[in-house]
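Residues take their numbers from the sequence shown, with the count starting at 1.
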Amino acid sequence: MELGDVRLPKRLRMMEETVNTETDDFANYDVFISHRGPDTKTGFVGFLYKDLVAAGLQPFLDCKSIDIGDDSWECIEHAIKRTPLALIVFSESFAQSEWCLRELHVMLHTPSVKVLPVFYNVRPSEVRFPESGRLKDGFEKLASRHHHSNIIEQWRADLDQASKIMGWEHSAADRRLEVDLVKAVVGKVCELAKKSLPLDIGEYVVGVEEVAVEIMQRLEKDKHLLMLGLWGMGGIGKSTLARELYNQMRKMFGASCFIENVTDKVSQAGGVVKVQNCILKGLCKNESLKIDGKSKGKVILEERLSKTKVLLVLDDVHDEVGDNDGIYYWISRKMLAEGSMCIVTSRNSRIFQKLNSFDIKREVYIHNVQGLSNVNSKRMFSLFAFGGYWTIKQEFEELVENICKACGGVPLVVKVCGSLLKQEEDVKIWKEVLDKLSTGRIMDQMGIFGCLQISYNFLNEELQEMFLDTACVLLGKPKDLAIRTWSYHHTSPTLGVRTLIERALITVDKSGCLTMHDHLRDMGREIVRKKRIREGVIRRLWMPESWSLLENNEESLDNLQTLMIINASDAKDLNVSYMKDLRIMICGGFINLVVQSLSKTLSWFEYNDGELKFFPEIPRINNLVILNLRGSSFETLCDSIGNASNLEVMNLKQTRSLCRLPDSFGRLKNLEDLNLSYSGIQSLPESFGGLSNLEVLNMAVCQRVTSLPVSFGRLEKL
């Protein structure tokens, strides 16, 4: 069944009709498109209209919005005056059309309409002066048909006014594709219209449409349902299904919001309140209030959300992380007006038992998300393995059948195995993958690790180390910083990251940070634990076990390579200089740690928002590349900072007690990026000009600095 063939269930159609009826009292359309048909209707404007509709907007386009028998100008004028946004596509023959200029006049003289111009193959200056440039011929033809100077002057004035409004420019000489221009325009219109964009559900997603339709049919049968719980094991496709449901249902509600990775937000300090603010901002676009306490926030959400029909999705909600009662503060019966819907995804069915304000049997429907059918598993696997074609090659038919059965219907496992064998022609490798896959217990926790570890086992040693670094300490850290660090220990880190992405083992989010599926994270950490037991050597530590092991087994940490300490409240004096293999050390949160000196092998040292009162000693020979001490409380850097000759990135943001830099600072010849913003720095040393590779310097809100050293002029790469 194709998604486009799915007809919405009756109850959801009624909900959509209700929203549309309510909207008709205020405005018929979200955006009016004014354009010159011969120039753009079958091309740019046609694509623009299609994407605006796909984004859930209702655009006015004359050929789509005016019925046969209607007065054309009456419909146009009525639509302009009742539509909050107007897109004007200026093109070469725009000024030849009296209709276009009449539309422009109405838009500019209707205070409630916000005008957004698109200069399509013309420049704003050519619109401002229509009797020269590419608009000349068309405007002269129109003027020759009118002998009233007043109307011509009015057109000139309107064009002049519109040309001064900031908009988009596009010409054939631009490198930007028209599809990118359409995307930018649609994004801005959605932002101004306060409409949510559809969510990306991923590449080669199979079988989700059918499940979504079944669930919506279930919602149709019971009008009392307010809460939908999607429950199942990790990697089974709960989030993908939630996104599909959100895309299908969002048009039926006055406001909609999808909050992903709730567990990650809750694991941070103040996480419950952070999620509350996400809900408030997502569903109440004009709300300026910021929640500062979870109890107060619950009352605010109940008061605000109960006034309209909303669709809220909370993705990946756990009760093992952070505040166990977080969901109590995020959603309650009082928040949801009749016709509203909240969707929650979780691995733990117990999370839904905490919804005390709901009638669980009457108002909550829990759907146990199941794995892919054998047919859909083969289709999805083939799409990944054969480069987007789901037709199975004849010589691989039996292997595909057996591999998909061994995957147990888990979409994540199917994706990883398909990516692993992408474009692979060697049958021996296929059989080797099948042999290793078949040894795992597919549908239990260890079975999933056994399946996922196949891709890990096919990596060379360097890529395995990079994967384990990510799983243990670098999740959420910038990819570019990780590559800089790995460059001192591995031969091709950039290629390595690309390989890990291609193998579906890691991803890079929109902000450029490393992420991975939490099953893959758990698998990586399980590999480390097993190796630790087998070899009796501790190489990687992360919270919470890192703190207890540091306290009790410091003498056995000589081989430690990566260390993470977050939110450890007890004070500790830590000496890491003897850890001869330590490469990455990440500290943060509310910790009280004294780091005496750094290891020679340490490449990345991060100590964020803690009580680091004394800058650690840096040995004469070292590998330090990344130094992030944001929010620390030391007053000065020690002279040994000059030993960090390999240092490329230094972050001293919000080090408010730091007042000066030592003269040895100028010896940091490889430093490329320095952040001193919001620090207490008062002056820069004369040696500062010695930073010959410095490209980025951030000194925002360094209010005590009154002058720069003379040597500053030598920073040729800045």
Side-chain angles (χ1 to χ4, degrees), residues 202-208 233-237 240 370-468 470-471 492 495-507 516-517 519-524 526-527 530-531:
E203 187 180 28
Y204 304 146
V205 174
V206 176
V208 175
M233 58 179 286
I236 203 67
T240 302
Q370 301 296 316
L372 297 168
S373 67
N374 188 49
V375 172
N376 283 335
S377 290
K378 288 193 292 185
R379 183 179 181 187
M380 183 177 182
F381 175 86
S382 300
L383 287 167
F384 279 99
F386 301 125
Y389 301 95
W390 80 275
T391 302
I392 301 173
K393 296 182 179 180
Q394 186 174 1
E395 61 269 32
F396 293 105
E397 284 183 358
E398 185 176 351
L399 285 167
V400 170
E401 178 76 26
N402 293 331
I403 287 174
C404 290
K405 285 182 179 179
C407 287
V410 181
L412 178 61
V413 182
V414 174
K415 175 182 177 181
V416 170
C417 290
S419 299
L420 173 65
L421 293 169
K422 183 176 182 179
Q423 306 297 345
E424 180 58 64
E425 300 290 342
D426 192 338
V427 175
K428 291 181 180 179
I429 293 180
W430 279 69
K431 290 181 178 180
E432 186 177 346
V433 170
L434 177 59
D435 289 341
K436 292 186 176 183
L437 185 61
S438 299
T439 59
R441 292 172 295 167
I442 301 301
M443 294 308 292
D444 62 32
Q445 189 80 342
M446 292 308 297
I448 293 174
F449 287 164
C451 294
L452 298 181
Q453 193 169 335
I454 296 171
S455 288
Y456 171 85
N457 292 338
F458 273 81
L459 301 174
N460 62 37
E461 185 177 351
E462 284 194 353
L463 290 177
Q464 288 183 349
E465 292 294 309
M466 292 168 62
F467 174 81
L468 295 179
T470 306
S492 304
L495 182 61
V497 169
R498 190 180 76 178
T499 301
L500 291 174
I501 293 173
E502 289 176 346
R503 297 292 174 88
L505 288 170
I506 68 171
T507 57
M516 64 171 56
H517 192 282
H519 258 333
L520 292 166
R521 175 205 62 202
D522 295 342
M523 179 201 74
E526 186 64 19
I527 291 171
K530 288 181 178 180
K531 187 178 293 187

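Atom NZ of Lys431 and atom CD of Glu398 lie 8.5 Å apart (nearest 0.5 Å). Of the inter-residue distances, the one linking Thr470 atom OG1 with Arg521 atom CZ reads 13.0 Å to the nearest 0.5 angstrom. Distance check: Thr499 OG1 to Met466 CE gives 8.0 Å after rounding to the nearest 0.5 Å.
For the pair Lys415/Tyr204, no side-chain contact is recorded, criterion being any heavy-atom separation below 4.5 Å from C-beta on. Looking at Phe384 and Val414, their side chains never come closer than 4.5 Å, going by heavy atoms from C-beta outward. Residues Cys407 and Ser377 are not in side-chain contact: their nearest non-hydrogen atoms beyond the backbone lie 4.5 Å or more apart. You'll find the side chain of Leu459 reaches within 4.5 Å of the side chain of Leu505, heavy atoms only. Side-chain atoms of Ile501 and Arg498, non-hydrogen and from C-beta on, never get closer than 4.5 Å to each other. Two residues are said to be in side-chain contact when any heavy atoms from C-beta on lie closer than 4.5 Å; Leu463 and Tyr456 fail this criterion.
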Criterion side-chain contact (heavy atoms from CB on, under 4.5 Å) on Phe396 and Glu424, from CA distance to verdict = CA-CA 11 Å; Phe396 293 105; Glu424 180 58 64; over 6 Å; no
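Aromatic ring orientation, Trp430 versus Phe386: parallel (interplanar angle below 30°, classes split at 30° and 60°).
Contact detail for Gly524 and Leu468: the closest heavy-atom pair is O-CD2, 3.5 Å. Residues Met516 and Ile506 come closest through the heavy atom pair CE-CG2, 3.7 Å. For the pair Cys404 and Lys378, the tightest heavy-atom approach, listed with the atom from each and the gap, is SG-CA, 3.5 Å. When every heavy atom of Val205 is checked against every heavy atom of Thr240, the shortest pair comes out as CG1-CG2, 3.8 Å. Contact between Ile236 and Gly371 at its shortest, heavy atoms only, is CD1-CA, 3.6 Å.
No more than 12 heavy atoms of other residues, nucleotides or ligands lie within 6.0 Å of CD in Glu461, so this atom counts as exposed by the packing criterion.
Ion pairing between Glu401 and Lys405 holds under the 4.0 Å rule for side-chain N and carboxylate O.
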